[in-house]
Structure formats: C-alpha cells, structure tokens
Amino acid sequence: MTGQDANLGAMVSVHNGRMAAGGLGWYVAGVMALAAVVGVFRALVSARWGELLYLLVMLATLGAYLFWLYARWKQKLTIYQHGFIHQPVLGAARAVRFDEVEHVDVRREVNRRAVHLKGEHVRITLHLNDGKRMVLTNDIADVEHLTGYIRRP
C-alpha cells in the first residue's frame, strides 16, 4: 500500500482489525480444538474407527470457524484525504470517496452485564448516494476516527 491514491489523495491513517473482534469465539475455537484432540485419543484407545468421522467433521468445522475469526481480525481500513478503502479478507476491497456519503449513523452501545462483553461497541452505518449501505464496527481499531473525516466540510 502506497502513501497516495490517485482518486483519494494522500494517506492519512491505517486501521487494522483487532484480534478481540473474535470475542468469545477464540475460547469456543479452543474448546473445539480440545474436543478434536480428545476425539483422536478416544478413537485410538477404544479402536472405534467410527469416531474418526466425528473427528473429521470437527476439524472441518473448526477450520471454517477459525477462518471466519481470522477474517474479522485481518480486515483493514485505510483513510485518505478524500475517502477510504475497506479491505476485508473475504470479498473485494471497496473504495469510497467522502463526497459519496449521504449521511452517517453512529450507534454506541455500552454493555455492563457480561464480563466478556464489557465496554463500548461502535457500529457505523454509512448511507451512500447510490442507495447502498456500508457497515463498519469496532472490529477495526479506532474505526470511529473515520466519522471525523466524513463530517468535515
């Protein structure tokens, strides 16, 4: 990624996805991995090879789940002078100029109940001139900085 884009101007900042975007999902993945290991030993000790099918299904599910967590973690938002580029792991990168944004809705939710979900959660909905919407959350570090650039004159 260079410091300049022909349509968007000079780069202002880069915001990467956060590992915390997976939340409790990382714990679930750990439990699934432990269950897969236990399944291997159980199949070997008991000589019930039918349990190997369970293991294969568990490993396939775990692989897909880990890829989903990885995709949330490795997305990138690059802010330029006149727009931004959002690069998810799954799907194509999307460039949006600030003058294409009709309006922005920012919703902040504070959760005080569950220990693992405590804190402020930010959801930014960009309504574009062509009628499409784009939603960015605080899965991306400091995503709320984007709203400051969009709202400036």
Side-chain angles (χ1 to χ4, degrees), residues 1-39 53-153:
M1 172 89 31
T2 61
Q4 183 111 4
D5 184 276
N7 296 326
L8 302 176
M11 184 188 325
V12 175
S13 62
V14 176
H15 304 271
N16 296 312
R18 301 177 326 135
M19 188 171 185
L24 283 178
W26 294 109
Y27 297 109
V28 172
V31 170
M32 289 173 71
L34 181 63
V37 170
V38 168
L53 179 62
Y54 163 79
L55 171 68
L56 293 175
V57 170
M58 177 63 83
L59 288 177
T61 305
L62 176 62
Y65 191 68
L66 284 173
F67 184 75
W68 178 75
L69 291 173
Y70 175 81
R72 291 182 69 183
W73 173 24
K74 287 299 184 179
Q75 61 185 320
K76 182 190 276 188
L77 177 71
T78 307
I79 301 174
Y80 293 90
Q81 285 177 325
H82 305 294
F84 66 91
I85 297 176
H86 179 239
Q87 295 172 308
V89 172
L90 299 171
R94 182 157 184 200
V96 177
R97 292 185 53 83
F98 293 141
D99 56 9
E100 295 175 7
V101 178
E102 188 174 309
H103 70 279
V104 179
D105 294 329
V106 179
R107 193 170 79 191
R108 298 178 190 278
E109 298 173 355
V110 178
N111 189 340
R112 292 184 178 91
R113 295 179 308 193
V115 173
H116 60 279
L117 296 175
K118 277 191 176 179
E120 185 175 80
H121 303 281
V122 179
R123 180 182 176 98
I124 299 171
T125 305
L126 304 169
H127 299 272
L128 305 177
N129 293 335
D130 61 3
K132 295 182 181 178
R133 291 184 323 160
M134 187 173 189
V135 177
L136 300 170
T137 65
N138 64 338
D139 288 351
I140 301 171
D142 301 321
V143 72
E144 58 273 3
H145 290 186
L146 178 64
T147 61
Y149 290 103
I150 294 174
R151 292 181 179 168
R152 69 179 179 187

Can you name the nearest heavy-atom pair linking Phe67 to Leu90, along with the distance? CE2-CD2, 3.1 Å
Check whether Asp130 reaches the backbone of Glu100 with its side chain - one donor and one acceptor, N or O, closer than 3.5 Å. no
Are there over 12 heavy-atom neighbours, none belonging to Arg97, within less than 6.0 Å of that residue's CZ? yes
Would you please name every residue forming a side-chain hydrogen bond (donor to acceptor under 3.5 Å, both in side chains) with Arg107, sequence neighbours left out? Glu109
Taking all atoms of both residues into account, what is the closest heavy-atom pair of Asp99 and Asn129, and its distance? O-ND2, 3.0 Å
Could I get the full list of side-chain contact (heavy atoms from CB on, under 4.5 Å) partners for Ala33, not counting sequence neighbours? Leu62
In Å, rounded to the nearest 0.5 Å, how long is the span from NZ of Lys76 to NE2 of His15? 11.5 Å
Looking only at non-hydrogen atoms, find the nearest pair between Tyr65 and Met32 and report the distance. CD2-SD, 4.2 Å
Spacing of CZ belonging to Phe84 relative to CG belonging to Leu136, to within rounding of 0.5 Å: 6.0 Å
What's the shortest heavy-atom distance between Ile85 and Ala93, and which atoms? CG2-CB, 4.2 Å
Can you find a side-chain donor-acceptor pair between Asn7 and His82 that sits under 3.5 Å? no
Apply side chain to side chain contact (heavy atoms under 4.5 Å, CB included) to residues Phe98 and Ile79 and explain how you reach the verdict. CA-CA 10 Å; Phe98 293 141; Ile79 301 174; 4.1 Å; yes
Pair Leu128-Val101, side chain to side chain contact (heavy atoms under 4.5 Å, CB included): steps then yes or no: CA-CA 4 Å; Leu128 305 177; Val101 178; 3.9 Å; yes
Separation between CD of Gln87 and CG of Asn16, rounded to the nearest 0.5 Å: 9.5 Å
At their closest point, which heavy atom of Leu8 faces which heavy atom of Ala95, and how far apart are they? CD1-CB, 4.3 Å
Just verifying a value: how many Å separate Thr125 OG1 and Met134 CE, rounded to the nearest 0.5 Å? 11.0 Å
Fit a plane to each ring of His103 and His127, take the angle between them on a 0 to 90° scale, and name the class: parallel (under 30°), tilted (30 to 60°) or perpendicular (over 60°). parallel
